[in-house]
K.L.:
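Structure incoming, see below.
Along the sequence shown, residues are numbered consecutively beginning with 1. The structure presented is a predicted model; accordingly, all values stated were derived computationally and were not measured.
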Amino acid sequence: MNESVFMQVTMDAGLRARFQQAAARERRPATQVLQALMREYVARHSGAGEALDAAGADRDLDEMAQRQQGWHCCPFGTG
């Protein structure tokens with residue numbers, strides 16, 4: 001990424017608390033989860049020729065999907 005920016009949003013306090021708790025259960029900073037969600041949104045809503053600009057963004061999304069589905073290791077014991 002070229003630079004860091006500060007983003008302020010208005011949301012329900014309960015949603016914010018539940019989001020932070022969910023991120024904490026995954027042992028991930030909330031900012032990391034938000035960035036992955038934003039990358040996924042941009043990828044889905046970008047033109048067909050545009051690629052993600054963050055290196056490793058696909059890997060982050062794969063890891064997030066695996067955590068959401070409860071895949072913590074290879075079922076064959078090799079991972």
Side-chain angles (χ1 to χ4, degrees):
M1 289 184 201
N2 295 343
E3 65 181 83
S4 295
V5 297
F6 176 78
M7 188 168 136
Q8 189 172 12
V9 297
T10 302
M11 71 179 69
D12 178 71
L15 174 61
R16 178 180 178 264
R18 291 189 306 274
F19 176 75
Q20 288 180 318
Q21 290 170 353
R25 282 192 299 273
E26 296 290 326
R27 292 184 173 90
R28 294 184 69 193
T31 56
Q32 186 181 57
V33 176
L34 283 172
Q35 289 171 359
L37 292 170
M38 290 173 78
R39 284 186 197 105
E40 179 182 0
Y41 185 87
V42 168
R44 287 181 186 221
H45 295 88
S46 294
E50 295 181 28
L52 293 173
D53 62 350
D58 290 334
R59 181 181 47 80
D60 291 344
L61 292 176
D62 289 341
E63 290 172 2
M64 182 174 68
Q66 289 176 356
R67 277 192 300 280
Q68 288 174 343
Q69 296 178 16
W71 302 340
H72 299 290
C73 66
C74 175
F76 304 108
T78 59

K.L.:
I need the E26 CD to Q32 CD distance, nearest 0.5 Å.
P.N.:
10.5 Å
K.L.:
Considering only residues two or more places apart or on different chains, which pairs with a residue in residues 11-42 satisfy ring pair (Phe, Tyr, Trp, His ring centres under 6.0 Å)?
P.N.:
Y41-H45
K.L.:
Tell me whether F6 is reachable from V9 by hopping between hydrophobic residues (I, L, V, M, F, W, Y) whose side-chain heavy atoms are closer than 4.5 Å.
P.N.:
no
K.L.:
Identify, with sequence neighbours excluded, every residue that meets salt bridge (charged side-chain N to carboxylate O under 4.0 Å, His left out) alongside R44.
P.N.:
E40
